[in-house]
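Here the structure is a predicted model, which means the values were calculated and not measured. Heavy atoms only: backbone and side chains are in, while hydrogens, waters and symmetry mates are out.
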Amino acid sequence: QLQLVESGGGLAQPGGSLRLSCTASGFTLDYIAIAWFRQYPGKEREGLACINGRQDVTVFADSVKGRFTVSRDSAKKAVTLEMNSLEAEDTAIYYCATPDIQKITICPGPRRENYNNWGQGTQVTVSS
């Protein structure tokens with residue numbers, strides 16, 4: 001099973017940017033569907049966007065459209081979430097996830113239950 005690891009979280013100012021990375025030790029993620037989620041304290045995980053095996057990106061959350069971008073960095077064997085124009089409301093724990101291995105190149109939508117492999121999460125805090 002892939003062990004996903006998120007990195008790049010931290011503190012950013014409103015209007016600023018952060019880049020999160022999702023990697024898997026010993027594996028390339030080139031053709032694997034990777035989704036990004038976030039979770040507020042006491043809330044369900046919210047699906048943000050997903051990149052499929054053909055490199056098509058689907059953005060699930062209207063709140064991040066035009067601000068967040070998902071892409072692959074093959075050189076770093078990573079999938080990145082570029083977050084721009086950050087707002088205080090973006091403060092959350094961010095996770096990357098993959099779907100079931102039998103459909104691992106396909107993005108199965110924004111619902112958490114459609115993904116069964118998760119990283120440990122990385123905290124993003126947007127504050128002045």
Side-chain angles (χ1 to χ4, degrees):
Q1 187 176 9
L2 292 176
Q3 290 189 322
L4 301 175
V5 178
E6 303 92 342
S7 61
L11 176 65
Q13 292 189 338
S17 300
L18 279 176
R19 174 180 290 181
L20 307 184
S21 290
C22 177
T23 57
S25 179
F27 291 89
T28 179
L29 299 177
D30 282 354
Y31 301 105
I32 295 174
I34 298 289
W36 285 95
F37 285 72
R38 67 184 176 191
Q39 189 168 20
Y40 302 113
K43 301 292 185 181
E44 291 291 322
R45 287 183 191 181
E46 173 190 18
L48 301 177
C50 182
I51 185 167
N52 68 13
R54 299 188 307 171
Q55 321 314 327
D56 301 319
V57 176
T58 302
V59 178
F60 303 135
D62 290 341
S63 60
V64 305
K65 284 182 179 178
R67 299 191 300 123
F68 290 11
T69 303
V70 179
S71 61
R72 293 191 192 273
D73 185 337
S74 295
K76 296 182 179 179
K77 299 182 180 179
V79 171
T80 63
L81 178 67
E82 184 80 31
M83 305 187 295
N84 299 312
S85 302
L86 285 166
E87 305 167 353
E89 292 74 20
D90 296 318
T91 296
I93 299 175
Y94 286 71
Y95 299 86
C96 62
T98 62
D100 184 84
I101 193 168
Q102 293 182 346
K103 298 181 179 180
I104 205 165
T105 64
I106 300 171
C107 288
R111 297 178 64 180
R112 174 183 180 172
E113 54 264 37
N114 293 333
Y115 300 82
N116 62 1
N117 190 24
W118 296 83
Q120 83 289 349
T122 186
Q123 175 71 47
V124 170
T125 302
V126 182
S127 175
S128 56

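With sequence neighbours left out, Thr58 forms a side chain to side chain donor-acceptor pair (under 3.5 Å) with no residue at all. Scored by the ring pair (Phe, Tyr, Trp, His ring centres under 6.0 Å) test, Tyr115 finds Phe37 as partners (sequence neighbours excluded). Contacts of Arg19 classified as side chain to side chain donor-acceptor pair (under 3.5 Å), with partners at least two apart in sequence or in another chain: Glu82. For Gln13, there are no side chain to side chain donor-acceptor pair (under 3.5 Å) partners at least two apart in sequence or on another chain. The side chain to side chain contact (heavy atoms under 4.5 Å, CB included) search around Ser71 returns Thr80, not counting sequence neighbours. In this view, Arg67 and Val64, Ser85, Glu87, Asp90 satisfy the side chain to side chain contact (heavy atoms under 4.5 Å, CB included) rule, not counting sequence neighbours. Legend: residues meeting side chain to side chain donor-acceptor pair (under 3.5 Å) with Gln55, ordered by chain and number and at least two apart, are Arg72.
The shortest distance between side-chain heavy atoms of Ile51 and Val79 falls below 4.5 Å. Proximity of Thr122 to Ile93: side-chain heavy atoms (C-beta onward) are nowhere separated by under 4.5 Å.
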Expected list for residues 97-110: side-chain donor-acceptor pairs under 3.5 angstrom, two or more places apart:
residue	atom	partner	partner atom	Å
Thr98	OG1	Asn117	ND2	3.4
Asp100	OD1	Asn116	ND2	3.3
Asp100	OD2	Gln102	N	2.9

Atom pairs and distances, donor-acceptor, side-chain atoms in residues 22-34, under 3.5 Å, two or more places apart:
residue	atom	partner	partner atom	Å
Thr28	OG1	Asp30	N	3.4
Thr28	OG1	Asp30	OD1	3.3
Thr28	OG1	Asp30	OD2	3.4
Asp30	OD1	Ser74	OG	3.3

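No single ILVMFWY cluster, assembled from side-chain heavy atoms under 4.5 Å apart, contains both Phe60 and Leu48. Both Trp36 and Leu2 are assigned to one and the same hydrophobic cluster, defined by single-linkage of ILVMFWY side chains at heavy-atom distances under 4.5 Å. Under the 4.5 Å side-chain heavy-atom criterion for ILVMFWY residues, a single connected hydrophobic cluster contains both Val124 and Leu4.
Gln120 places a side-chain N or O within 3.5 Å of a backbone atom of Glu6 that can act as its donor or acceptor partner.
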Report the C-alpha separation of Ser127 and Leu11 in whole Å, then their side-chain angles, then the decisive distance to 0.1 Å, and conclude whether the side chain to side chain contact (heavy atoms under 4.5 Å, CB included) test is met.
CA-CA 7 Å; Ser127 175; Leu11 176 65; 4.2 Å; yes
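Residue Val5 belongs to no hydrophobic cluster, having no ILVMFWY side-chain heavy atom closer than 4.5 Å to its own.
Across all non-hydrogen atoms, the minimal contact from Tyr40 to Glu89 is OH-O, 2.7 Å.
With rounding to the nearest 0.5 Å, the separation of CE in Met83 from CZ in Arg38 is 9.0 Å. A distance of 15.5 Å separates CZ of Arg111 from CZ of Arg45, quoted to the nearest 0.5 Å.
Applying the ring-ring contact (aromatic ring centres under 6.0 Å, His included) test to every pair with at least one member in residues 66-101, sequence neighbours left out, gives no pairs at all. The salt bridge (charged side-chain N to carboxylate O under 4.0 Å, His left out) analysis of residues 114-128, with sequence neighbours excluded, yields no pairs.
Other residues, nucleotides and ligands place more than 12 heavy atoms under 6.0 Å from the CD atom of Glu113.
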